[in-house]
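Within every chain, numbering begins at 1; the chains are lettered A, B, ... in the order of the sequence lines, protein sequences first and strands thereafter.
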Amino acid sequence: MIRVQPDDFDVGAEVVALTKGRTDIGAIATFTGHVRDDDGLKALILEHYPAMTEREIARHVAEAEKKWPLLGVTIIHRVGRLLPGAQIVFVGVAASHRRAAFEACEFLMDYLKAHAPFWKQEECASGTIWVEAKSSDDDAAGRWR
Amino acid sequence: MTLLYFAWVRQKIGKSDEHFDLPEQVKTVDALAEYLRARGAGYADAFSDMKRLRAAVNQEHVPFDALVKANDEVAFFPPVTGG
């Protein structure tokens with residue numbers, strides 16, 4: 001399941017939803033990203049390309065499902081204005097065994113960072129600035145090829 | 001075609017989307033950017049350094065030599081910073 005939303009999410013409820021009614025799942029790996037208050041950050045403002053976002057994420061989920069035997073994937077990405085400490089992104093992966101769950105979770109997060117069409121603006125006391133992409137994010141995604 | 005702009009590309013151009021009649025001689029994303037650059041100061045600024053830009057055609061990431069057609073949805077944006 002893929003959701004892009006301004007609203008917060010409940011990690012516990014998402015894990016329950018991944019496992020509900022299933023007895024074949026042996027491992028759930030989750031990643032949750034939070035807003036850090038680096039350098040006096042007041043808020044992060046996230047915008048995205050709605051029509052492309054879900055398509056792009058779905059493509060990465062399909063790729064992960066080809067690489068590992070997965071039993072469920074949930075990806076949630078928030079948009080709008082988020083305060084320090086807020087949750088931004090959630091990746092939850094269910095599999096029979098831990099290795100597939102761990103690896104697919106990291107793969108999906110690396111691909112989200114490098115390819116999903118989201119853009120962050122940092123709101124500070126002095127104004128707002130666009131976050132520059134890091135080449136380390138491209139490198140992180142590249143190592144899965 | 002539909003043109004879409006995101007993040008600072010949208011701010012420099014001053015709009016998030018527009019309809020655009022693709023001139024016949026414009027065949028690629030690169031040529032389209034070159035054509036748009038001549039439309040005004042905001043466009044010239046947004047398209048001044050193509051190394052800082054990325055493009056998508058019909059909601060898929062493409063290289064700048066990708067072909068464009070009259071009914072495509074073409075988006076220009078900076079490298080993504082989600083997650």
Side-chain angles (χ1 to χ4, degrees), chain A residues 2 4 31-36 44-60 75-80 82 87-91 105-122 127-141, chain B residues 1-20 22 28-30 32-33 36 41-83:
Chain A
I2 297 161
V4 179
F31 173 86
T32 310
H34 290 250
V35 179
R36 275 192 323 268
L44 274 185
I45 303 160
L46 279 115
E47 76 171 64
H48 72 130
Y49 178 179
M52 183 172 169
T53 312
E54 295 210 7
R55 236 177 114 148
E56 189 66 17
I57 297 173
R59 204 166 61 78
H60 297 149
I75 294 180
I76 304 170
H77 204 302
R78 293 179 71 192
V79 290
L82 304 176
Q87 304 184 121
I88 306 184
V89 63
F90 174 80
V91 176
C105 186
E106 196 173 12
F107 165 88
L108 284 166
M109 199 52 224
D110 284 348
Y111 267 69
L112 265 179
K113 279 259 181 202
H115 301 291
F118 292 92
W119 298 274
K120 284 192 191 108
Q121 237 178 330
E122 289 176 346
T128 58
I129 48 162
W130 290 100
V131 174
E132 294 278 334
K134 292 192 200 83
S135 60
S136 59
D137 288 338
D138 280 338
D139 298 343
Chain B
M1 65 171 36
T2 303
L3 295 176
L4 301 174
Y5 311 115
F6 293 94
W8 54 256
V9 182
R10 166 176 54 77
Q11 288 179 327
K12 287 179 192 288
I13 291 172
K15 54 183 130 183
S16 58
D17 61 276
E18 63 182 315
H19 177 80
F20 178 70
L22 186 69
T28 64
V29 172
D30 229 351
L32 175 59
L36 292 171
Y43 290 94
D45 191 15
F47 293 105
S48 63
D49 182 1
M50 294 303 284
K51 285 197 292 296
R52 297 187 65 208
L53 287 182
R54 299 291 181 271
V57 173
N58 299 326
Q59 298 152 18
E60 277 184 37
H61 291 289
V62 293
F64 289 134
D65 60 359
L67 296 175
V68 290
K69 299 182 300 297
N71 293 320
D72 285 345
E73 175 176 302
V74 180
F76 290 100
F77 42 78
V80 302
T81 54

Problem - Working for salt bridge (charged side-chain N to carboxylate O under 4.0 Å, His left out), residues B:D72 and B:K69 - result: CA-CA 6 Å; B:D72 285 345; B:K69 299 182 300 297; 3.7 Å; yes
Handout entry: Portion of A:E132 that has a non-hydrogen atom of chain B nearer than 4.5 angstrom
Key = both
Handout entry: chain A contact via B:R10 - which portion, at a heavy-atom distance below 4.5 Å
Key = side chain
Practice task
Return the option, out of A:M52, A:Q121, A:R78, A:H48, with the maximum number of heavy-atom pairs under 4.5 Å with chain B.
Solution key: A:M52
Fill in the blank from the handout: The interface call for B:A56 against chain A, heavy-atom contacts under 4.5 Å, is side chain
Handout entry: Among the listed options A:V89, A:V131, A:T53, the residue most often paired with chain B at heavy-atom distances under 4.5 Å
Key = A:V131
Handout entry: Which portion of A:A51 sits near chain B, non-hydrogen atoms under 4.5 angstrom
Key = both
Exercise for the section: Take B:D30 and B:M50 through the side-chain contact (heavy atoms from CB on, under 4.5 Å) test and state the conclusion after the steps. Expected result: CA-CA 9 Å; B:D30 229 351; B:M50 294 303 284; 4.2 Å; yes
Practice task
Would you tell me whether B:Y5 and B:E18 have side-chain atoms, one donor and one acceptor, within less than 3.5 Å of each other?
Solution key: yes
Problem - Flag if over 12 foreign heavy atoms under 6.0 Å of CG, B:D49 - result: yes
Handout entry: B:R52 charged N/C atom sitting above B:W8 aromatic ring, 6.0 Å / 45°
Key = yes
Problem - Structural part of A:H115 lying under 4.5 Å from a heavy atom of chain B - result: both
Problem - Side chain / backbone / both / neither for B:Q11 at chain A, heavy atoms under 4.5 Å - result: side chain
Problem - B:T81 backbone acceptor or donor facing A:K120 side chain under 3.5 Å - result: yes
